[in-house]
Every structure is written in structure tokens, then in C-alpha cells.
Amino acid sequence: MKRNEKGAFLMHEMSLMFEIIHLVSEDAAVRGFTKVKKIDVIVGDLSNVLPDALELAFFYLRKEKMGLLDEKSQLHIIREEAKSRCLKCLYEFVPDYRIALCPKCDLPSCVLISGETFRTESYEGSDNFEN
Ligand SMILES: [Zn+2]
């Protein structure tokens, strides 16, 4: 991987993380929270989001005290495994790519049933500066 490609990846995760923190903080403020303690994010293995880069982006934005984050706020990444199902024989398997041949019948008759998810699952807010 070339240096500028890595940078482009990080920019992608940085803007995703920026958006998540922005939306979560906005929602938390409306609910009367003064702090966001933890954000749970689901990242599918075929979602085109790199968990390491997402974490790095979170650490950076936390350091910048973005939104309602403070130095103790946590990011929890829940990995979602990729899974395909063959529509012919109903065999389920872990594919390397979005499009895969069925390992049983060798047909391109498979659909991805999980692994593309990227979303904020939940967050924990606090209205107390002590915890
Ligand atoms: Zn099959």
C-alpha cells in the first residue's frame, strides 16, 4: 500500500467517525446528557471500513474533545462477520468478497446475508461529570 492510499483510507474513517460523534453528541445533548461515555459501532467485515483506522480517528477526535467526548470516552467496535448463502442449495459460508461462488455447487448463486453493516448501535450518556 502506498503512503497516499493509507492517508485516503484514514480520511474515510475520519469523516465517518466525525459524523458519528457529531450525531451522537447532538442526540445526547437533546436528552440532557453532558457527556458521551461510550459509543458502540457495528463494523461488517465487508463494509469497507477499517476498524483500526476508525479507532485511530476516534482517539484523535477524543483528544480534540469533540462534541460531548472527554478523555475517558470509549469506542466499542462490534465486528460483524461476512456470510453468504447459496440460493440453490442454501449452504452458508464465509466469503472473502461480496461476490462469491458457492463452495458446494460452484454456482454464482449466492447472496451476502451479513458483513456489509456499518452503523452506530447505541451509546451511553452521562449527566454527571464524576463518572
Ligand atoms: Zn450452493
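Index from 1, following the sequence. Every value quoted in this text rests on a predicted model; they were computed, and no experiment measured them. All ligand and atom numbering here is 1-based and tracks the order in the structure.
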For the Zn ion (ligand 1), protein N, O or S atoms at a distance below 2.8 Å amount to 4
From OG (Ser114) to CZ (Arg85), nearest 0.5 Å: 9.5 Å
Just so I know, are the side chains of Leu23 and Thr120 near enough to count as touching, which here means a heavy-atom distance under 4.5 Å? no
Does CZ in Phe93 sit with more than 12 non-hydrogen atoms of other residues, nucleotides or ligands closer than 6.0 Å? yes
Within 6.0 angstrom of Ile99 CD1, more than 12 heavy atoms from elsewhere: no
For a side chain to side chain contact (heavy atoms under 4.5 Å, CB included) check, start with the C-alpha distance between Met17 and Glu55, then their side-chain angles and the critical distance, and finish with the verdict. CA-CA 9 Å; Met17 202 63 243; Glu55 211 154 53; over 6 Å; no
Does a salt bridge link Arg62 with Glu64, judged by any charged N lying under 4.0 Å from a carboxylate O? no
